[in-house]
2 protein chains.
Amino acid sequence: MTEFDLLFKALKITEDPLKEKILDIGVLQDVSKNTYILEQGKYIKWLALVVKGKVRVWQENEDRQILLYYVEPIQTCVLSLSASFRDCKSIINAKAIEDSTIIKIPVRYISEWCIKYPSWNTFTTNSFIFSYEDLLRSYKKLAFNKIDKRLLDYLELITNKTNSSVINLSHSQLAKELGTTREVISKTLKQFEHSGIVNLKFKEIELL
Amino acid sequence: MTEFDLLFKALKITEDPLKEKILDIGVLQDVSKNTYILEQGKYIKWLALVVKGKVRVWQENEDRQILLYYVEPIQTCVLSLSASFRDCKSIINAKAIEDSTIIKIPVRYISEWCIKYPSWNTFTTNSFIFSYEDLLRSYKKLAFNKIDKRLLDYLELITNKTNSSVINLSHSQLAKELGTTREVISKTLKQFEHSGIVNLKFKEIELL
DNA sequence: TTTTACTTGTGTCAAAAGGTACAGGTTTGA
DNA sequence: TCAAACCTGTACCTTTTGACACAAGTAAAA
């Protein structure tokens with residue numbers, strides 16, 4: 001089974017003409033770890049579908065960063081999707097954080113396919129819905145929760161996703177996910193340790 | 001010209017069968033000021049399209065609120081749109097802040113029409129794109145800007161929209177737009193006045 | 001082994017934001 | 001005209017977050 005077949009299956013693409021189109025137009029590309037896929041201020045020319053690896057999507061401002069989401073197989077970055085509908089510059093960054101494989105589709109086909117192929121339309125609509133609600137939840141948390149609650153939520157999210165109570169992220173990496181500074185994370189984690197919520201080791205946080 | 005005709009024109013709905021469907025199924029309703037259209041935690045059964053008036057959409061947490069956006073003619077609340085695609089509870093609030101007129105469409109038709117009618121599909125997709133990017137900009141501001149910058153941005157937004165340098169909002173209303181408290185707004189505005197950025201009167205802020 | 005880069009801990013201080021309290025102004029409508 | 005509801009200003013204090021500084025630990029490669 002090729003990467004394309006995996007894509008078709010995961011995206012529930014059933015129309016043969018659409019499959020042919022994607023095979024014809026899509027470019028399968030390996031991107032090594034730390035390669036930028038989208039950059040703030042640069043034009044978006046391709047819709048990238050991740051078929052292997054992991055892509056981090058975030059916003060930044062001077063020396064701070066805040067995570068938006070991770071794109072994993074089989075997903076697409078909703079931002080590059082939204083850009084596909086109207087020629088514009090990226091307002092986010094996306095970078096492969098593992099060696100990854102993506103399928104690139106020139107943006108001009110995206111909206112055209114929405115009209116021609118119901119399964120493509122369903123895929124794009126679902127991406128928007130999911131992403132919008134996800135961002136909305138993040139927005140609410142950012143607006144109303146203090147950093148300790150936000151950090152704990154994030155740690156719990158990670159442990160749920162990885163199915164392990166151990167988190168191998170440095171304090172500065174956590175700061176960049178949550179839009180704060182390293183020192184704040186270090187101090188908050190120390191508090192958590194005193195409260196018996198976590199165990200701290202070098203580059204390792206165990207959630208109790 | 002009826003409200004429905006206005007709707008068709010504004011939404012660029014061209015298909016006659018879709019027009020008939022909307023006329024058949026849509027319910028034209030007057031809602032008086034302060035009527036809730038969506039409430040956090042309650043099921044969404046209708047997609048509401050605003051044809052007259054103004055609807056405020058926000059999130060809340062205990063005694064704080066933060067604005068998401070206003071829905072004006074002819075627009076729809078993207079949240080009720082997203083809910084239309086999957087039976088779910090609202091994670092936001094929406095309330096008419098003027099006497100308004102809406103057209104209500106039961107959610108079960110929304111995704112069906114996306115497939116059948118290209119113009120409807122274009123409308124929903126555009127709503128998602130616009131709203132997603134808008135929320136993303138808000139998220140970035142919330143993450144990286146301090147309250148003085150956020151307040152000033154908001155005041156400028158209002159003056160641009162109303163084409164008037166005078167803003168008739170109380171400090172507590174502003175606090176509810178920005179997710180903070182009345183005192184913080186009062187103090188920040190006083191600072192602005194000292195810096196010669198604004199003139200303050202009772203329930204009136206003049207941006208200089 | 002030594003260098004280099006990264007990581008963690010923490011003390012001190014400053015800035016930002018929020019909470020409480022109270023005084024007094026404005027508006028509306030009974 | 002009086003009361004009630006809402007609005008504004010501000011003093012004082014606390015909590016939260018951030019900035020700076022420095023010490024010390026860890027890992028990996030030269």
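Letters go in sequence order (proteins before strands), and every chain restarts at 1. Basis for what follows: all heavy atoms, side chains included, without hydrogens, waters or symmetry-related copies.
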Novice: Please tabulate, for side-chain N and O atoms in residues 200-208 of chain B, each donor-acceptor pair with protein atoms closer than 3.5 Å (sequence neighbours left out).
Specialist:
from, atom 1, to, atom 2, distance (Å)
B:Glu206, OE1, B:Asn199, ND2, 3.4

Novice: Apply the test salt bridge (charged side-chain N to carboxylate O under 4.0 Å, His left out) to residues B:Glu72 and B:Arg56: give CA-CA distance (whole Å), side-chain angles for both, the deciding distance (0.1 Å), then the verdict.
Specialist: CA-CA 9 Å; B:Glu72 297 183 56; B:Arg56 179 173 187 258; over 6 Å; no
Novice: Using five base pairs at each end to define the local axes, how bent is the helix from C:dT1-D:dA30 to C:dA30-D:dT1, to the nearest 10°?
Specialist: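 That helix gives 30° between its end axes.
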Novice: Assess whether atom CZ of B:Phe130 is packed by more than 12 heavy atoms of other residues, nucleotides or ligands within 6.0 Å.
Specialist: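 No, CZ of B:Phe130 has 12 or fewer neighbouring heavy atoms, counting only those of other groups under 6.0 Å.
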Novice: Are the side chains of A:Gln59 and B:Leu136 in touch, meaning some heavy atoms are under 4.5 Å apart?
Specialist: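 With C-beta onward as the side chain, the pair touches.
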Novice: Where does the chain B footprint on DNA chain D start and end, counting 5' to 3' with a 4.0 Å heavy-atom cut-off?
Specialist: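 Extent of the interface on DNA chain D: D:dC7 to D:dC12.
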Novice: Of B:Arg182 and A:Gln173, whose nearest nucleotide on DNA chain C comes first from the 5' end?
Specialist: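 Checking each residue's closest nucleotide, the 5'-ward one belongs to A:Gln173.
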Novice: Using the closest heavy atom to pick a nucleotide of DNA chain D for each, name whichever of A:Asn145 or A:Glu183 lands nearer the 5' end.
Specialist: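 Looking at the nearest nucleotide for each, A:Asn145 comes out on the 5' side.
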Novice: Hey, mind stepping through B:Phe4 and B:Ile22 against side-chain contact (heavy atoms from CB on, under 4.5 Å) and telling me if it holds?
Specialist: CA-CA 8 Å; B:Phe4 281 101; B:Ile22 292 176; 3.9 Å; yes
Novice: Just to be sure I understand the rule, does A:Lys187 reach a base, reach only the sugar-phosphate, or reach nothing, if contact means heavy atoms closer than 4.0 Å?
Specialist: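 Base: the residue A:Lys187, judged by heavy atoms under 4.0 Å, touches a nucleobase.
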Novice: Could you check whether B:Glu39 and B:Asn93, counting side-chain N and O atoms only, form a donor-acceptor pair closer than 3.5 Å?
Specialist: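 No - no donor-acceptor pair under 3.5 Å links their side chains.
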Novice: When the side chains of residues 23-34 of chain B are checked against the rest of the protein, which donor-acceptor pairs come out under 3.5 Å, sequence neighbours left out?
Specialist:
from, atom 1, to, atom 2, distance (Å)
B:Gln29, OE1, B:Lys104, NZ, 3.0
B:Asp30, OD1, B:Thr101, OG1, 2.9
B:Ser32, OG, B:Thr35, OG1, 3.4

Novice: Between atom CG of A:Asn121 and atom CG of A:Leu18, what is the distance when rounded to the nearest 0.5 Å?
Specialist: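 Result: 11.0 Å between the selected atoms.
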Novice: Is there a salt bridge (charged side-chain N to carboxylate O under 4.0 Å, His left out) between A:Asp153 and A:Lys149 once you walk through the steps?
Specialist: CA-CA 6 Å; A:Asp153 276 2; A:Lys149 170 86 171 124; 3.3 Å; yes
Novice: For DNA chain C, which nucleotides open and close the run of contacts to chain B, 5' to 3', at under 4.0 angstrom from a non-hydrogen atom?
Specialist: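 Under 4.0 Å from chain B, the extent on DNA chain C is C:dA16 to C:dT27.
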Novice: Which residues in residues 200-208 of chain A have at least one heavy atom lying under 4.0 Å from any atom of DNA chain C?
Specialist: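 Nucleic-acid contacts, sorted: A:Phe202, A:Lys203.
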Novice: Give a yes-or-no answer on whether the side chains of A:Ser131 and A:Asp134 include a donor-acceptor pair shorter than 3.5 Å.
Specialist: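 On atom types as modelled, these side chains do not qualify, holding no pair under 3.5 Å.
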Novice: From the options B:Ile185, B:Leu155, B:Leu174, select the one residue that forms a side-chain contact (heavy atoms from CB on, under 4.5 Å) with B:Leu169.
Specialist: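 In the set B:Ile185, B:Leu155, B:Leu174, the residue that makes a side-chain contact (heavy atoms from CB on, under 4.5 Å) with B:Leu169 is B:Leu174.
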Novice: Within the structure shown, what part of the strands sits under 4.0 Å from A:Leu189 by heavy-atom distance: base, sugar-phosphate, or nothing?
Specialist: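 The answer is nothing, as A:Leu189 stays clear of every strand by at least 4.0 Å.
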Novice: Check whether the side chains of A:Gln173 and A:Arg182 place a donor and an acceptor atom closer than 3.5 Å, and report yes or no.
Specialist: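 There is no such pair (donor and acceptor under 3.5 Å, judged by atom type) between the side chains of A:Gln173 and A:Arg182.
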Novice: Would one find more than 12 heavy atoms of other residues, nucleotides or ligands at under 6.0 Å from atom OH of B:Tyr154?
Specialist: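 Yes.
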